[in-house]
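Working notes, structure below.
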Amino acid sequence: MDYKETLCLPRTDFPMKAQLVQKEPEILRRWEEGGIYHKIIEASQGRRKFILHDGPPYANGHIHLGTALNKILKDIIVKSLFMMGYDTFYLPGWDCHGLPIEHQVEISLGEKIAGMSKAEVRRHCREYAERFLSIQRDEFKRLGVFGLWEEPYVTMSYDYEATIVRELGRFIDQGSIYRARKPVYWCATCQTALAEAEVEYHDQTTPAIFVRFRLTSDVSGRVPELAPFKDDTHVVIWTTTPWTIPANLAVAFHPDFTYAAVRTKPYGVLIMAEDLVPSCMSTFGVTDYEVLAVFKGTAMEHLKARHPLYDRESLFILAPFVTLDAGSGCVHIAPGHGEEDYEIGKAYGLEIYAPVDNEGRFTSEVEGFEGRYVFEANDDVNRALKDRGALLHLSDYDHSYPYCWRCKNAIIFRSTNQWFISLEHADLRKKALEAITKVRWIPSWGKDRIYSMIENRPDWCISRQRAWGVPIPVFYCRNCGEILASGDVARHVAELFEKEGADAWFVHPEKDLLPEGTRCAKCSGDDLAKEEDIVDVWFDSGVSYAAVCEKDPRLGVPVDMYLEGSDQHRGWFHSTLLASVGTRGEAPYRTVLTHGFVVDGEGRKMSKSLGNTIAPQEIIDRYGAEILRLWVSAQDFRNDIRISQEIVERLVETYRRIRNTARFMLGNLWGFDPSRDMVPYGDMLEMDRYALHVTQELISRVRRAYEEFEPYVIYQLVHNFCVVDMSAFYLDVLKDRLYVFKKDSLARRSAQTALFRIVKDLTRLIAPILAFTAEEIWDHIPGFEHKAESVHLSDMPEPDPHLMDDGLKQRWERILALRQEVSKVLEGLRKDKTIGHSLDACVKLRASGETLSFLQDVQGLLADVFICSKVEVEEGEGPWIQSEVLGAVAVEAHRAPGVKCPRCWRYAEDIGTSASHPEICGRCASQIG
RNA sequence: GGGCCUAUAGCUCAGGUGGUUAGAGCGCACGCCUGAUAAGCGUGAGGUCGUUGGUUCAAUUCCAACUAGGCCCA
């Protein structure tokens, strides 16, 4: 007889092979058709809220691993908190305006763009954004992310655009917005301002000049040694842009560097950094010189020198950005022609002077060079300097220089009029810093990071010279040049935008944009011109609290959590803080959680040039999105997140382990009907009760990890539970009982009761992470009362104190410690071929005293636990194995006596005692009936 | 160059307030099983705790510098 037929072996149609690539789309379809997310929203009604407000990704290109990481993390948090009883309504968003899209559109339009109006270009931009929004939406949904994807918030929607203008209106009302000059990249050929991203760098050779500026202040007060030479003392500067010399207003020294005053024959006394004296002297061809004095850069502050070309003075200032890499250690400062020059110039109250027009030609202010194209004026300037004896040296210098991405011509830095939000007006900076302290930052260093950024940043430049964005709603009087900026006008414009979108600004004449009868406040003229600039896109996303959260009762402000990459301390967290504090007086978020960046297996960032990029699609196509979700959960996201072939392979193996553990449980629940077969806790076998105890501990640890937003802890906990607690111990031991005993015996039903509870809990614990697989397991769990149609609609399990028993725990931890020692002894027998399977063995334990009575007490359990055929316990002597939990025990093993039962494979000494089943052991005979 | 952050076995993670032979799982090696089988079980080998100094009776744990890497600036 084939006794295998009489066993209760596992049966399930839950496949071992996941085939996630095929299965996931089916599950997605089911969620879609079943309206699962809408059921989640419905179930959330009236619950306590936890709103995670989505930071809008940019609607350009396909998603990459970074965006996938971000959305999956959000999804894990949102799904887990919903299961833990919160209303976690999740509304995804997209950031739609801005340069990158406009760029792409310009490239695809090519020459055609020349004849197009801004409104036409904007139409193409909108279509482009819509296209990628749709692509990304599909890609995000493919990851298993739940949210209201049908109606996301988009910054280019008419009402969002209107809100942007309204929020600007609030700043205008306060008087926080002002117009001032600031240097920007300027292409004289295209006659347009360029953004950082529109600039490319090429190597180029430019003239580099050393120039001396004669001091007009009396230095002897600061450096007494120079008293005899005070009328012939000069500071030496070095520059690679001679054409900016006419705009020079200052010379910068480093406060900490040491400077030297050097007496030379041909050039008088020259001041330069001490370390650079030898190289400068050799460059100038001066062999005979004398260092008269050395002093710190601070000694020079507020002194003055005469401009080498014009009859005005140049101020000596201190700047931390001065270096000793090249030149003289004294830096020529033209606040109208450089970013650093501008910042330091502002700090010293210098004029932002840039006497250059749109075509890159000097204006009439510049005596001697008016009308000259700046790059062509280099030689003129050098000649003029030479004529006046100011030029110390001229040479060619190779360096990388910015070029226009479009016309490929060299560009200049030129100050132009821009709009700013003041950080000081209305105490915005101070209030923002206060608001930061009231927010919970995870990790905590995020607070210091954003605090010092806000503390040190300049005023917010909100204007951009571009087409694809929301216009700054201000006007200029064509008659007298007066600016018309008012909150009322902004709100009037907003109403129009609500109906027609921001396009209205570009298609309507001014009179349609302004309230009727608007006139210039200064000259009462009615010929008003609209502003051409648009607002910085960081302002767009920055006001999402107003455009999205305030308006939607499902959300509300402040929101519970923002969750983005740590780059957003400078980006969205920052801009939205300023906007919200500026208009509402408080931060729009309660908690800000940041994650690191995706890097390769060596910790290096992903870049095309390194060739180490991986697209989410590659992982999805090969392994499934579930592996990506597991990847996100497996690592501490507060640091950088690594990915490599090895990491993915490990994840796949972990996934299989979790899946197989669940499959084995499901297979053994065959024929188990919870409503009929559940065994009351008190009647369950103690090992099963112990398994439930361990599961309760898992539940409480996993819950805590979800509450603390630490999915990687869950990954470790769940994996260890499956491998150590379940597979290697409980499930392995259980096989005998499940297979050998009668289908409806108490022993088997007790085990099934435990398995049912465990698999039901485990599935829900992993659901937020393994969203697809948990759903698939859930389907295969036997039906029970109130079983939700989707695991994502079910509740997160809570530890049940009735299923916990600390006494049992201690007793079983001792048994497990013993088991480990027995395994080692059995491995010895295996090595010398005494046994193969552990069932071939009989284990003999010796102990005395308390340990002996413990062993005698549990003796009846041990053959099962060791998966051996027989266990003998006797009082006796060592050699002891000493163990803290165990006590002193001696373990021996030998081949089990008797004959191997063909049914249960245990060695038995009672084979043949049953008349009806003479080949099998007594235990098996009793189970066949 | 500046600010912030990270650095424990091949991989992913543990290691309150410094104190015996630094842990787990995976992977790897070897073996077992063939009634979870493109599965399961057991045993074992892997770490100068990034480097160098310092504080201390004692440092993976505190301090500093450096190196490598990341984010943001310049």
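All of these numbers come straight from a predicted model, not from anything done at the bench. Below, each value reflects all heavy atoms present in this structure, side chains not excepted, and no hydrogens, waters or symmetry copies. The sequence lines fix the lettering, A, B, ..., with proteins before strands; numbering per chain opens at 1.
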Partners of [X] by side-chain hydrogen bond (donor to acceptor under 3.5 Å, both in side chains), sequence neighbours excluded?
X: A/Thr773; result: A/Glu626, A/Tyr655
X: A/Gln418; result: A/Thr416, A/Ser463, A/Gln465
X: A/Lys809; result: A/Glu697

Notebook entry, point to check: Is there a donor and acceptor pair closer than 3.5 Å between the side chain of A/Arg449 and the base of B/C71?
Noted result: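 Present.
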What is the distance, to the nearest angstrom, from the [atom1] atom on [X] to the [atom2] atom on [N]?
X: A/Leu69; N: B/U12; atom1: CG; atom2: C1'; result: 15 Å
X: A/Arg604; N: B/C71; atom1: CZ; atom2: C1'; result: 16 Å
X: A/Gln568; N: B/G70; atom1: CD; atom2: P; result: 19 Å
X: A/Asn456; N: B/C4; atom1: CG; atom2: C1'; result: 12 Å
X: A/Arg701; N: B/A14; atom1: CZ; atom2: C1'; result: 12 Å
X: A/Ile714; N: B/A14; atom1: CD1; atom2: C1'; result: 16 Å
X: A/Met453; N: B/A74; atom1: CE; atom2: P; result: 11 Å
X: A/Glu455; N: B/G2; atom1: CD; atom2: P; result: 19 Å

Note to self: For B/G54, does the O4'-C1'-N9-C4 or O4'-C1'-N1-C2 angle fall within 90° of 0, making it syn, or is it anti?
What the structure shows: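 Chi for B/G54 falls in the anti range.
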Contact class for [X] (heavy atom, under 4.0 Å): base, sugar-phosphate, or nothing?
X: A/Arg659; value: nothing
X: A/Asp636; value: sugar-phosphate
X: A/Thr654; value: nothing
X: A/Arg638; value: nothing
X: A/Ile647; value: sugar-phosphate
X: A/Pro458; value: nothing
X: A/Gly596; value: nothing
X: A/Gly667; value: nothing

[X]: ring pair (Phe, Tyr, Trp, His ring centres under 6.0 Å) partners, not counting sequence neighbours:
X: A/Tyr623; value: none
X: A/His595; value: none
X: A/His254; value: A/Phe257

Item checked: RNA chain B: stems of at least 3 consecutive Watson-Crick or G-U pairs whose donor-acceptor distances fall under 3.5 Å -> B:1-7 with B:67-73, B:10-13 with B:23-26, B:28-32 with B:40-44, B:50-54 with B:62-66
Notebook entry, point to check: Should A/Ile766 and A/Val702 count as side-chain neighbours, where that means a heavy-atom distance under 4.5 Å?
Noted result: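 No, their side chains stay 4.5 Å or more apart.
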Notebook entry, point to check: Which residue, A/Gln635 or A/Glu646, contacts RNA chain B at a nucleotide closer to its 5' end, judged by nearest heavy atom?
Noted result: A/Glu646
Notebook entry, point to check: If you pin A/Leu7 and A/Lys833 to their nearest nucleotides in RNA chain B, which one's is more 5'?
Noted result: A/Lys833
What pairs of donor and acceptor atoms, side-chain ones from residues 11-21 of chain A against any protein atom, are under 3.5 angstrom apart with sequence neighbours left out?
| residue | atom | partner | partner atom | Å |
| --- | --- | --- | --- | --- |
| A/Thr12 | OG1 | A/Phe14 | N | 2.9 |
| A/Asp13 | OD1 | A/His780 | NE2 | 3.3 |

Notebook entry, point to check: If we require ring centres under 5.5 Å and near-parallel planes under 30°, does A/Phe597 stack on B/G70?
Noted result: no
Next item on the list: Classify the side-chain pair A/His337/A/Thr241 by whether it contains a donor and acceptor separated by less than 3.5 Å.
Entry: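 Looking only at side-chain atoms, A/Thr241 and A/His337 do not form any donor-acceptor pair under 3.5 Å.
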Please tabulate the protein-to-nucleotide N/O contacts below 3.5 Å involving nucleotides 22-24 of chain B, giving atom names and distances.
| residue | atom | partner | partner atom | Å |
| --- | --- | --- | --- | --- |
| B/A24 | O2' | A/Asn720 | ND2 | 2.6 |

Margin query: When the C1' atoms of B/G10 and B/C57 are compared, how many Å lie between them, rounded to an integer?
Written below: 38 Å
Checklist line | P atoms of B/U17 and B/A7, separation to the nearest Å | finding: 14 Å
Notebook entry, point to check: If you look only at pairs with a residue in residues 448-461 of chain A, which of them pass as a side-chain hydrogen bond (donor to acceptor under 3.5 Å, both in side chains), with sequence neighbours excluded?
Noted result: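 Non-adjacent pairs meeting side-chain hydrogen bond (donor to acceptor under 3.5 Å, both in side chains): A/Tyr178-A/Asp459, A/Arg449-A/His569, A/Arg457-A/His574, A/Trp460-A/Asp536.
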For residues 721-740 of chain A, please give each side-chain donor-acceptor pair under 3.5 Å, one per line with the distance, not counting sequence neighbours.
| residue | atom | partner | partner atom | Å |
| --- | --- | --- | --- | --- |
| A/Ser727 | OG | A/Arg657 | NH2 | 3.4 |
| A/Tyr730 | OH | A/Asp688 | OD1 | 2.5 |
| A/Asp732 | OD1 | A/Lys735 | NZ | 2.9 |
| A/Asp736 | OD1 | A/Arg923 | NH2 | 2.9 |
| A/Asp736 | OD2 | A/Arg906 | NH2 | 3.4 |
| A/Asp736 | OD2 | A/Arg923 | NH1 | 2.8 |
| A/Asp736 | OD2 | A/Arg923 | NH2 | 3.4 |
| A/Arg737 | NH1 | A/Asp688 | OD2 | 2.8 |
| A/Arg737 | NH1 | A/Ala747 | O | 2.8 |
| A/Arg737 | NH2 | A/Asp688 | OD1 | 2.9 |
| A/Arg737 | NH2 | A/Asp688 | OD2 | 3.4 |

Item checked: Distance test, side-chain N/O of A/Tyr712 to OP1/OP2 of B/A14, below 4.0 Å ->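 Indeed, a polar side-chain atom of A/Tyr712 lies that close.
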Check: Less than 4.0 Å between a side-chain N and a carboxylate O, is that true for A/Glu710 and A/Arg638?
Finding: yes
Notebook entry, point to check: How does protein reach along nucleotides 36-46 of chain B, written 5' to 3' as B (base within reach of a heavy atom under 4.0 Å), S (only sugar-phosphate), or - (no contact)?
Noted result: BSBSSSBS---
Next item on the list: Kindly indicate, with the supporting measurements, whether the criterion side chain to side chain contact (heavy atoms under 4.5 Å, CB included) is fulfilled by A/His917 and A/Tyr3.
Entry: CA-CA 10 Å; A/His917 299 286; A/Tyr3 288 101; 4.0 Å; yes
